[in-house]
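Right, I'll just put the structure down here and ask away after.
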2 protein chains.
Amino acid sequence: MPQSRQRADAAALEVAPSAVPSATAPAVPTPPVIPDAPARATLADVAQRAGVSRSTASRGLTGRGYVAPAARERILLAAEELGYVPDGNARSLKARHTPAVGLLVSDLRNRFYAEVAAGASSVLRDEGYTIVLVDDTGSDPEEVAAARTVLAMRVAGVLVTPVSAAVSQLVARHGVPLVEIDRQFCRGECDAVLVDNVTGARELTEHLLGLGHRRIALLVNETGWTTSAGRIKGYHQAWAAAGREVPADGVEAVGFDPDQIEDKVGELLSRRRPPTAVFAANNVVAEAVWRQSARLGLRIPDDLSFVAFDDSPWMSMVSPGITTVAQPSVELGARAARLLLSRMAKPGRPRTTRLDCPLIVRGSTARLGRRRTPVKGSEGVRSAR
Amino acid sequence: MPQSRQRADAAALEVAPSAVPSATAPAVPTPPVIPDAPARATLADVAQRAGVSRSTASRGLTGRGYVAPAARERILLAAEELGYVPDGNARSLKARHTPAVGLLVSDLRNRFYAEVAAGASSVLRDEGYTIVLVDDTGSDPEEVAAARTVLAMRVAGVLVTPVSAAVSQLVARHGVPLVEIDRQFCRGECDAVLVDNVTGARELTEHLLGLGHRRIALLVNETGWTTSAGRIKGYHQAWAAAGREVPADGVEAVGFDPDQIEDKVGELLSRRRPPTAVFAANNVVAEAVWRQSARLGLRIPDDLSFVAFDDSPWMSMVSPGITTVAQPSVELGARAARLLLSRMAKPGRPRTTRLDCPLIVRGSTARLGRRRTPVKGSEGVRSAR
DNA sequence: CTGTTAGCGCCTTCAC
DNA sequence: GTGAAGGCGCTAACAG
C-alpha cells in the first residue's frame with residue numbers, strides 16, 4: 001500500500017541540525033495577528049456571573065469535588081448563557097496531557113490509508129480522543145516533522161504508517177506510546193498492527209501455479225519496502241512449495257510514480273515473451289495493470305491471468321472480477337487504535353498483531369493454455385454480460 | 001456525496017441542556033493516569049543547561065529578539081541534547097491561538113470526503129497548520145460535538161462538510177472563521193466552496209434527453225439534502241429547456257442505508273415499465289445501480305443508459321465506462337483551505353465559490369431504441385474487449 | 001544583549 | 001461547601 005517515495009535512513013534527529021531556525025523552535029514567523037479576537041468567555045467570567053469563585057465554578061463544571069446544588073445550577077446556567085467553552089490548551093497544560101492522538105498516514109487519497117484512518121477514527125472518537133491528522137505524503141522528513149508537531153501538542157499516543165524507523169524512535173524517546181500500522185520498522189521495540197503479507201501472497205501465487213502458470217510476474221513498488229518484502233517472501237514460498245525455481249525476472253520494481261508505473265507495466269506486457277500471469281502487489285499497481293492490459297488489447301483471463309494484493313471496490317465491479325486477497329484496512333486502523341489505547345492505559349511488552357487477508361477468487365485467473373475458461377468462483381458483477 | 005443519516009434542526013446549543021454532566025464540561029471521567037510520564041525537558045531545563053535565563057532561551061529558540069550568537073549556540077545545543085520539544089499547549093495558551101484548524105467531514109471511507117481532506121491537508125500543511133480531524137459520521141449531534149471539541153482547542157479556523165446550520169452558527173458565534181464545503185447551510189453568512197450541482201446535473205440530463213430518453217429516473221439519497229436539491233434543479237432545468245414536462249416519478253429518494261439503496265434500486269429496475277435511463281446522484285448510488293443492473297442481467301447501454309454525478313475511478317475502469325460529471329474533490333478541499341486562510345488573515349464579506357464539474361461522456365449512454373450503439377466518446381478502459 | 005516579572009486559563013491542594 | 005493560592009510551560013514587556 002505504500003505510496004511514498006523515500007525511505008531514507010533513520011536519522012531521527014531530535015532537532016534539525018545546524019543553525020537554521022531549526023525545527024525545535026519552529027521559527028515562529030510572526031505572532032499571527034488575531035483579527036479581532038472577541039474575548040471568549042473564560043472560567044472567571046462564568047464564576048463572576050454565577051457569583052462564585054473560579055475554583056467553585058471549575059468544580060461545578062467538571063463535576064469533580066463538592067458544590068452546592070444551587071451553586072452548581074447557577075454555574076451551569078452562566079456557562080450556557082456565556083457560550084462558555086473551556087480552553088483545552090489550558091486544561092492540557094495543567095494536566096500535562098492532551099486527550100488526542102496523532103495519526104500520521106502516507107496518503108489520504110489512497111483508499112487504503114483513508115480506511116485505516118476511518119477505522120482508527122471511530123474507535124478513538126468513542127473513547128473521547130481527538131485526532132490530529134497528518135497526511136505526510138509518505139516522505140520521511142515530513143513524517144518526522146509531523147511526529148514532532150504532535151509531540152509538541154503532547155498527544156497521548158501516536159499511530160503511524162511509518163516510512164522509516166525515525167518516527168518511532170523519536171516518539172519512543174519521548175515516552176509516548178506508538179503503534180506502527182501496515183509497515184513495521186522497529187520490530188520488538190514497539191507495537192504494530194500489520195497484515196499477513198506472506199500468507200496472502202503465497203496463496204495468490206499458489207493459485208496461479210495451480211493453474212499451470214510459470215511465467216508469473218510479481219510487480220512491487222520497491223523491493224526494499226517492508227510490505228513488499230513480505231509479499232515477495234510469500235511469492236518465493238509458493239514456488240518453493242511447488243518444488244520449483246523462482247524465475248530470475250520474477251519480481252519487478254515499478255517505483256512509486258504513477259506515470260512510471262504505467263510505463264513499466266506497459267513495457268512488461270509488451271515483451272516478446274510476456275508473463276502469462278501478473279501479480280500486482282497493491283491497488284495502485286493493479287490499476288496500472290488493468291489499464292495497460294486494456295490498452296494493449298490483452299484479454300483477461302484469456303491472454304493474461306491477473307491477481308492483486310489488496311481488494312478494491314473496482315475489482316469486484318469490472319468484468320471479469322479480479323482475484324485478490326483483501327486487506328482489512330478499516331479493521332487495521334481500529335485494531336491499532338485499540339492497541340494504542342491499551343498501551344496508553346498500561347505499558348507492557350510490545351505486541352505485533354497480524355491480520356489475515358482472505359483470498360477472493362474471481363474471474364481474472366484461468367488455467368494456462370485453456371482459453372476462455374475462467375476458473376471456479378465469482379466473476380465480478382458484470383460477468384453476466 | 002452525503003453519506004449521512006440526519007439533518008436535524010439547528011439546535012446549536014452552546015452547552016447541552018439540562019443537568020447531565022453536560023458538554024460544556026466534558027464530564028472529565030477521571031484524570032487519565034499518566035503511566036510514567038518521563039518528565040519531558042522544559043524550557044527551564046534548556047535554559048539551565050545553557051546557563052541563561054528562560055527568556056533568553058526562548059528568544060534563542062524562537063529566533064525573535066536579541067540573543068548573543070554565542071548564547072544562541074549554547075541554547076540550541078542544549079535543546080538538541082535534551083531532545084527538547086516546545087510545549088504547544090503552553091504556547092497556544094500564551095498566544096491565545098493555536099496553529100491548527102478543525103476539519104469535520106462526514107465519512108472518510110467515502111472517497112469523496114477523503115479527497116477533500118487530502119486537498120485541504122496539503123494546503124494547510126504548507127502553511128504550517130495542523131489538522132484536527134473528525135469523521136463525524138454525517139450525524140448532526142456528532143458534528144456539533146466535534147465543533148465544540150475543536151473550539152475548545154482554540155483552532156484558528158474550521159472546515160466542515162456540514163449536515164445542518166448548527167455547526168456554522170456555533171463556530172461563528174465564537175468568532176472563529178469557518179468554510180462550508182460541498183453543502184451550504186448558511187448562505188451569505190459564511191464562506192463556502194461548492195460544486196456547480198445545477199449545471200452538472202443539467203448537462204447529464206440534457207445528454208440523456210438528447211439521446212431520446214424520456215423515462216429518466218434521478219436517484220438521490222434524500223430530496224431535502226442540499227446537494228441533491230441542486231442536482232434535482234438541474235434535472236428540472238433540462239426538461240424545461242427541452243420544452244417537456246418532468247415525469248411525475250422522475251426523482252426517487254433511496255435513502256442513505258446501503259442495503260436499502262440496493263433494494264430500492266433493484267425494485268426500480270424490475271418494474272414493469274422501468275426507466276430507460278438512470279441518473280445516479282452520487283457515487284454511492286451509482287455503485288448500487290451498477291451492481292443491481294448486473295444482477296438483473298441488464299445490459300448497459302443496450303437495455304439501460306446510465307449516468308452518474310461524481311466520477312469515481314471504477315467508472316472509467318468498467319466496461320462500458322460510465323458517463324459522468326467529475327467533482328474536483330481534492331481541489332474542493334484545497335480551495336476551501338485557501339479561502340479559510342485568507343479569512344483568517346482578514347475578515348471580509350462571506351464568499352461562495354462554485355467549482356465546475358466537467359462532463360465526461362463514456363459508453364454507458366446510448367440512443368434510445370438503437371441497440372448496441374454506444375455514443376461517441378470513450379468507453380472505459382475495457383471497451384477494447 | 002539579558003534577566004526579572006507577570007500572566008495566558010485552568011485545576012487542585014489546602015485552609016477556612 | 002467554598003475561596004485563596006500556586007503553578008502547568010511559555011512568551012512579552014520592561015528594566016537593567
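Within every chain, numbering begins at 1; the chains are lettered A, B, ... in the order of the sequence lines, protein sequences first and strands thereafter.
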Any A:R64 side-chain nitrogen or oxygen under 4.0 Å from OP1 or OP2 of C:dC11:
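No, outside the criterion.
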Quickly work out the A:L93 CG to C:dC8 P distance and round it to whole Å.
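Computing the A:L93:CG to C:dC8:P distance gives 13 Å.
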A:R125 and B:D135 ion-paired at < 4.0 Å:
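Salt bridge absent between A:R125 and B:D135.
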Do A:D182 and A:V116 come within less than 4.5 Å of each other through their side chains, counting heavy atoms only?
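They are not in side-chain contact.
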Using whole Å, report how far NE2 of B:H97 lies from P of D:dT11.
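In whole Å, D:dT11 P and B:H97 NE2 are 14 Å from each other.
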Tell me: CG of B:N89 to C1' of D:dG7, nearest whole Å?
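To the nearest whole Å, that distance equals 15 Å.
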Name all residues meeting the side chain to side chain donor-acceptor pair (under 3.5 Å) criterion together with A:S168; count only those two or more places apart in sequence or in a different chain, and write none if there are none.
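For A:S168 the side chain to side chain donor-acceptor pair (under 3.5 Å) partners, ignoring immediate neighbours, are A:E180.
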Please test B:R343 against B:R351 for side chain to side chain contact (heavy atoms under 4.5 Å, CB included), starting from the C-alpha separation and ending with a verdict.
CA-CA 10 Å; B:R343 190 60 76 230; B:R351 195 183 315 161; 4.3 Å; yes
Return the set of residues passing side chain to side chain contact (heavy atoms under 4.5 Å, CB included) with B:S342 (not counting sequence neighbours), or none when no residue passes.
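In terms of side chain to side chain contact (heavy atoms under 4.5 Å, CB included), with neighbours along the sequence ignored, B:S342 is linked to B:L339.
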Separation of D:dA12 P from B:L61 CG (nearest whole Å):
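From B:L61 CG to D:dA12 P: 13 Å.
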Rounded to the Å, how far apart are A:D45 CG and C:dC10 C1'?
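Answer to the nearest Å: 13 Å.
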Protein heavy-atom contacts under 4.0 Å, written 5' to 3' over nucleotides 1-6 of chain D as B (base), S (sugar-phosphate only) or - (none), form the string SBBB-B
Starting at atom CZ of A:R40, determine the distance to atom P of C:dC8, rounded to an integer number of angstrom.
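The answer, rounded to whole Å, is 15 Å.
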Report yes if the side chains of A:L340 and A:D191 come closer than 4.5 Å at any heavy-atom pair, otherwise no.
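No, too far: nothing below the 4.5 Å cut-off.
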Please state how far atom CD in B:Q48 lies from atom P in C:dG3, giving the value in whole angstrom units.
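Answer to the nearest Å: 13 Å.
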What is the separation between atom CZ on B:R154 and atom P on C:dG9, rounded to the nearest whole Å?
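That distance rounds to 8 Å.
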What pairs with A:S121 under side chain to side chain donor-acceptor pair (under 3.5 Å), at least two apart in sequence or on another chain?
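Result, side chain to side chain donor-acceptor pair (under 3.5 Å) vs A:S121: none returned.
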Using a 3.5 Å distance criterion without hydrogens, assess whether the side chain of B:R183 forms a donor-acceptor pair with backbone atoms of B:P162.
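Between the backbone of B:P162 and the side chain of B:R183 there is a qualifying donor-acceptor contact (under 3.5 Å).
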Quantify the bending of the helix from C:dC1-D:dG16 to C:dC16-D:dG1 as the angle between its end axes, each fitted on five pairs, to 10°.
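Rounded to the nearest 10 degrees, the bend comes out at 40°.
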When all nucleic acid strands are considered with a 4.0 Å heavy-atom cut-off, which category describes A:L43: base, sugar-phosphate, or nothing?
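Since only primed, P, OP1 and OP2 atoms lie under 4.0 Å of A:L43, the category is sugar-phosphate.
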Please confirm whether the shortest side-chain N or O distance from B:T42 to OP1 or OP2 of D:dC10 is below 4.0 Å.
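Looking at the OP1 and OP2 atoms of D:dC10, one of them is under 4.0 Å from a side-chain N or O of B:T42.
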Holding to side chain to side chain contact (heavy atoms under 4.5 Å, CB included), I want the full list of residues that pass it with B:E127, two or more places apart in sequence or in another chain.
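In terms of side chain to side chain contact (heavy atoms under 4.5 Å, CB included), with neighbours along the sequence ignored, B:E127 is linked to B:Y129, B:L341.
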